[in-house]
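In the text below, chain A, chain B and the rest are named by the order of the sequence lines, each starting its count at 1.
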Number of protein chains: 2
Amino acid sequence: MRPRRQTGRMNIHQQVVRELAVRILSGVLRPGDILPTEDNASTEMDVSRTAYREAIKVLSAKGLLESRAKVGTRVRQKSEWNMLDPEILGWKSEIETPSKFVDDLFEFRMIIEPAAARLAARKGSPEKIDKIRHAFETMANTEMSSVENFEADFDFHKSILEASENELLSSLGHVVETLLLTSFELSALRPGAREQSVPLHGAVLAQIQNRDQDKARDAMTTLLASARTDLDDVLQNDIHETTILKKADPDDTSTRAGGNRSPN
Amino acid sequence: MRPRRQTGRMNIHQQVVRELAVRILSGVLRPGDILPTEDNASTEMDVSRTAYREAIKVLSAKGLLESRAKVGTRVRQKSEWNMLDPEILGWKSEIETPSKFVDDLFEFRMIIEPAAARLAARKGSPEKIDKIRHAFETMANTEMSSVENFEADFDFHKSILEASENELLSSLGHVVETLLLTSFELSALRPGAREQSVPLHGAVLAQIQNRDQDKARDAMTTLLASARTDLDDVLQNDIHETTILKKADPDDTSTRAGGNRSPN
DNA sequence: CATACAATATTATTTACGAAAAATGGTATA
DNA sequence: TATACCATTTTTCGTAAATAATATTGTATG
């Protein structure tokens, strides 16, 4: 068993959303391209025009599409895409090569999370800091690489973002979650790293509790740098395996929990 | 004439989206609340059930709502809202008091933009840096507080985000835009500030061109701190005026869902 | 007491038709 | 020739109504 991304039963319009999103994010459909008319596209995909329209609305809400009467539905410029949208991040993680994806995400985390830790130390409410502490204790008391441990890890980082007392930062929990999910999936193949994980998390917690802003920030930077190193090792070693895994994941229909034993 | 936010003719489903979004973001509808059934809600708002459903899909895509058969459509927890979504930011800017809104946004910019400037100095492509330079020159050659100047200012910051060569950072242009729009609307009342704006922008550009990462970051920090001071002055002086302005902005009711003017 | 099953309420989905918006091309007029 | 206007046509937008799927809740049965 392992933490899972959304992949199970989906509504019809969600299936269309996913199908189109993947086509756009993978570059099959490119910015400026105009989709077939609602009538053609929906019959092509074998769904009702209404369901198709609902899918278009969802993707427009995420900045991927734009519809205008008489001209059609067009793929918007990349700069208009809401890349931080949780679903878009999730789709990208399935499409892009792990290393490129991980690079961008880690770079982003290295900006956001140390700053959040700093703010948490400055103005995090006692309750929020208590939530961080609770997540840490759960982390320390659960088996490494277990689902409970993963969830506590995520809670830890999410709680720090929330303790920053800034709504914009708080809403970035999903960015962390997506990266952690990717990390988890990759390092589940090759466990053993992350020995220093608990003390590094502990250091962050301690400095936030101390209300030492700069040290809290630095502790988070250290923690992330370590996590990145661990992940880089996995990527180095498993580069070909993971590539195979990506390719051998064409349809999630099988819903095989964890054990992808011999895809053939 | 001034740069305008989206407020003109809207499709019916967009009007419903806006109406519901405002209710949610303003706290009239609270997390956990269940909306009326599609039938009731749509007849209540005097739109078809299809149009209402499209609106629900849009808000679900932004993390505000969640629909399940038999149970209804529920407002999701705040932590699930995509606060960085451009539209959500725009709606919030209309609802929240300027000072609170500006606080959060500036805090966020002070984290993101110096880091982006640093990355731009490190790995920004010559073309991207040229775009920054072009925006700067336009800024320097247009009248302060003109629409052209505003747009060049926005382009400047957006180009730096893009020059960071990180898709996640690039997609944050809208955060900057929303804050600049708010700033523009506020300081349009009381022009005269921002004399040092051009040289401060110039310093950022120069350090990026020098490929001096730390100085580029610091120059951006200085620029933002200055902009924040200017804006704080405006907020201090115009606190009551702006409040009045906010209240005197109910003209959107004319285009409200179903156009039910004088409900009696 | 628990388990299975049936009733029910709500969203999900399809189908069909008509309205509105906007790009295009043609036509008249200066 | 060029410009303004107008009709045409294509496409999305919006409404309506009927049926399906699904999850909750109540009810009966072992």
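Per the geometry, CD belonging to B/Glu54 stands 13 Å off P belonging to C/dA12, to the nearest Å. To the nearest angstrom, P of C/dT10 lies 14 Å from CZ of B/Arg74. The CD1 atom of B/Ile34 sits 15 Å away from the P atom of D/dA23 (whole-angstrom rounding). Separating the CG atom of A/Asp39 from the C1' atom of C/dT15 is a distance of 11 Å, rounded to the nearest angstrom. The distance from atom NZ of A/Lys57 to atom P of D/dT12 is 10 Å, rounded to the nearest whole Å. Protein atom CG of A/Asp46 is 8 Å distant from nucleotide atom P of C/dT14, rounded to whole Å. A straight line from OH of B/Tyr52 to P of D/dT15 spans 14 Å, rounded to a whole angstrom. Rounded to an integer number of Å, the gap from CG of A/Leu65 to P of D/dT12 is 12 Å.
Nearest nucleotide to the B/Asn11 side chain, out of C/dT14, D/dG14, C/dT10: D/dG14. The side chain of B/Thr37 approaches C/dT11 more closely than any other nucleotide in the set C/dT11, D/dT15, C/dT15. Nearest to the side chain of A/Arg49, among D/dG14, C/dT13, D/dT15, sits D/dG14. When distances run from any side-chain atom of A/Thr73 to the nucleotides D/dT15, C/dT11, D/dT12, the shortest one goes to D/dT12. Of the listed nucleotides (D/dT15, D/dT12, C/dA12), D/dT15 has the atom at the smallest distance from the side chain of B/Ser48.
Proximity of A/Arg68 to the phosphate of C/dA21: no side-chain N or O atom is located under 4.0 Å from OP1 or OP2. Between B/Lys70 and the phosphate of D/dT25, there is no side-chain N or O to OP1/OP2 separation shorter than 4.0 Å. Distances shown here put every side-chain N or O of B/His13 at or beyond 4.0 Å from the OP1 or OP2 atom of D/dC13.
A salt bridge links A/Glu167 to B/Lys78: at least one charged side-chain nitrogen sits closer than 4.0 Å to a carboxylate oxygen. Using a cutoff of 4.0 Å between basic side-chain nitrogens and carboxylate oxygens, B/Glu127 and B/Lys131 are not scored as salt-bridged.
Taking the six-membered ring for Trp, B/Phe136 and B/His201 have ring centres at least 6.0 Å apart.
Residue order along DNA chain D, read from the 5' end via each residue's closest nucleotide, puts A/Gly72 first among A/Gly72 and A/Thr50.
Contact annotation: side chain of B/Ser67 to base of C/dT10, donor-acceptor pair absent below 3.5 Å.
A cation-pi arrangement, defined by a distance under 6.0 Å to the six-membered ring centre and an angle within 45 degrees of its axis, is present between A/Arg109 and A/Phe106.
For the residue pair A/Asp130 / A/His134, no side-chain donor-acceptor distance below 3.5 Å is found, with atom types taken as modelled.
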